[in-house]
2 protein chains.
Amino acid sequence: MASIKEVAKEAGVSVATVSYVLNKNKYVSPELTKRVLQSVQKLNYNANPIARSLRNKKTKTIGVILQNIINIFFPQVLAGLEEYAKEQNYNLLFFNTYNDLNAEKEAITSLMNMWVDGIILDSCVPEPMKTEYVKFIEGIKSHKSVPIVLLERTLGNNNHSAVTVDNFNGGYIATKHLIDKGKNRILHIGAINEWSMTLERTEGYKAAMVEYGLEDQMMIKYANLRPQDGYELMKEILMQNSTINGIFTANDQLAIGAMKAIKELGQLIPEDVAIVGFDNIFVSSLMETTLTTVNVPKYEMGRLAAKQLIDIMNNDNIQPEVIKLPVNLIVRQSTDLRGEKNWELYGW
Amino acid sequence: MASIKEVAKEAGVSVATVSYVLNKNKYVSPELTKRVLQSVQKLNYNANPIARSLRNKKTKTIGVILQNIINIFFPQVLAGLEEYAKEQNYNLLFFNTYNDLNAEKEAITSLMNMWVDGIILDSCVPEPMKTEYVKFIEGIKSHKSVPIVLLERTLGNNNHSAVTVDNFNGGYIATKHLIDKGKNRILHIGAINEWSMTLERTEGYKAAMVEYGLEDQMMIKYANLRPQDGYELMKEILMQNSTINGIFTANDQLAIGAMKAIKELGQLIPEDVAIVGFDNIFVSSLMETTLTTVNVPKYEMGRLAAKQLIDIMNNDNIQPEVIKLPVNLIVRQSTDLRGEKNWELYGW
DNA sequence: TAATGATAGTGAAACGATTAATTGTACTTA
DNA sequence: TAAGTACAATTAATCGTTTCACTATCATTA
């Protein structure tokens, strides 16, 4: 691979001139410009980004830390991130933490040491540990400043940019939808992990229940956010001949598990029990009884987070901003037999 | 962030000494070693990987080019890649091509120019274009040599390392399984894209049909590898009052679509029509009628490809090798009501 | 004609590491 | 004591860019 020196030699000019021609940041006569460009072409020259990074202290690279790419929620977020980043000529360095807070901290440190220009962080920090976690992040930042944009959650204060969704409202409209469908014994299955996003969903549920005078009927259980756990919990509950006629779960995975249990025990969805999930993972539209759910704009979250980060990197007196994206209810068969039956087009 | 120069100054030694201490590649007296290490600690020094890369011409970075991370097949591959790479202290630069061959070529060029140490390439090149594509790859490699490991497919010759699966055998055992279940009017839905992997699956189907004297019964249709397409194609076929009693599809997505069509038209799975998919995407185990399928070890493919690449990078007289991983049939309810009903544990 | 100004182009330092070549000190041996 | 040896530590070149500071050339003006 040719270097700028070889191009300069070939064109009979100095390396500075070559650099100026290619970066168009200083006047160079048409004649030399032409000679330089010809040499570039002839030698198939491309600037070495490593050398450039060393000199410029910019790597044109964004670190992406996700909880678990295997969880079908995330690939779409990553796709959104990737697309916007590539449009802006940034590359993505990818880290998976598997919901391990230590792995996450290591990833952050690692990315800092690699001089990425910015970090997109989908943290797995639970709500009770945020104070300590914030200290870690601020410590890191004081050591070397790198812009960070958080995904899905804030850090409790407004010192960090973030792209989140309106989880509270999601929980609220989900629950209200069940109430509108005439359900009054509504169970909520929340997340055992104390993540702010799921806690907010639970608060939305409570708010709706209270608003519609169902405060006494509130019933909340907690589970891991996986179908197996939804299935088992649901079996257990239904066996105790419950009178539940509506369920709102903290995510679609739980709902899918719960639906299976409900069907196995011979109850009808939505007639006997209606159910609403959260996230709108595409699998929800594939089930035989398609799942009503609160749609989270995953791809857009990714794109927006990338945009926000790049904006900050290009202009360092931008104030931290927390974007809260709206959510919307997608009514499918698990609450309304005339609900949407079409498959989501993504996921393939 | 402190540089090696500052550490040297703080410790009162030369930068060379610092480097030797940290890289442990030359004897340094215990006394100086101690002083250096203390300074390193005090200044919280980390070597700048950019500078190191420039000097060493190694970036400790692997480029990963995938067709589409949104397709649920790939996240697991990526997880496998990521895990092994991180174990070996390599980072991943991630590219999505959306099955666009030009985007793929650009990604390759881009990664070469970024001086990645190696590339994992899940190409989307169709079989008929391989000759031309090989020229492109070899052209690239002659310009600057970078090891490439292919995923899922070879380039037709054995000049390039690859991690593939035994697609032919997969097609064969899938079809044989249907025959064993007493099915004799077996439709195969192949991929419209002429990818070697799906072509091989089709060949496996043919081989089994011929072997069991069902040559005259062969029936092959082609579709895009998405549930919608499986659904529509299947509806069309069943409307023409077909006598099909078995189906083998080129992937699970098609099978999931086909199952929906079959059920909607009132036929029973597997009694009237049994169906086998390919890939074992986890959704297959979630369906109400779980799907019999040929399991492709996705995570292992990722890990192995990363291992193969890193091995090559560490030892450049390793010969190109094509690894063909075995596949296995997972019998579920779409061919056998007593088949496996458990959910796959991944995907959440 | 001499002094001044404008500007195209170049030289060289800098980014932060690694490492070959060299220096300088201490010790051994004749 | 002088020459030779060993080896710890340093100096400086190098990787490939960018960009500041400078030179050299030519035109302009008094």
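So that the names make sense, note that chain A is the first sequence line, chain B the second, and so on, each numbered from 1.
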Check this for me: does any side-chain nitrogen of one of [X] and [Y] sit under 4.0 Å from a carboxylate oxygen of the other?
X: A:E83; Y: A:K86; value: no
X: A:E127; Y: A:K130; value: yes
X: A:K307; Y: A:E321; value: no
X: A:R303; Y: A:E87; value: yes

Residue pair B:E104 / B:Y133, side-chain donor-acceptor N/O under 3.5 Å: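 Result is yes, a qualifying pair exists.
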
Just checking, is any N or O donor in the side chain of A:H160 or A:E138 under 3.5 Å from an acceptor N or O on the other one?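 A donor-acceptor contact under 3.5 Å links the two side chains.
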
Please list, pair by pair, any protein nitrogen or oxygen found under 3.5 Å from a nitrogen or oxygen in nucleotides 21-25 of chain D.
| from | atom 1 | to | atom 2 | distance (Å) |
| --- | --- | --- | --- | --- |
| D:dA21 | N6 | A:K26 | NZ | 3.3 |

Go through the steps for A:L22 and A:Y45 under the test side-chain contact (heavy atoms from CB on, under 4.5 Å), then give the verdict. CA-CA 11 Å; A:L22 294 177; A:Y45 168 76; 3.5 Å; yes

Out of [options], which nucleotide sits closest to the side chain of [X]?
X: A:L54; options: D:dG16, D:dT10, D:dA8; result: D:dG16
X: A:I4; options: D:dT10, C:dT18, D:dG16; result: D:dG16
X: A:N56; options: C:dA17, D:dT19, C:dT10; result: D:dT19
X: B:K57; options: D:dG16, C:dT18, D:dT17; result: D:dG16

Are there any protein N/O atoms within less than 3.5 Å of an N/O atom in nucleotides 12-14 of chain D, and if so, which ones and at what distance?
| from | atom 1 | to | atom 2 | distance (Å) |
| --- | --- | --- | --- | --- |
| D:dT14 | O2 | B:R55 | NH1 | 2.8 |

Taking A:S53 for the side chain and A:K58 for the main chain, is one N or O donor matched with an acceptor at less than 3.5 Å?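 Such a contact is found between A:S53 side chain and A:K58 backbone.
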
On the nucleotide C:dG9, are OP1 or OP2 found under 4.0 Å from the side-chain N or O atoms that A:S29 carries?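 Affirmative; the distance criterion is met.
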
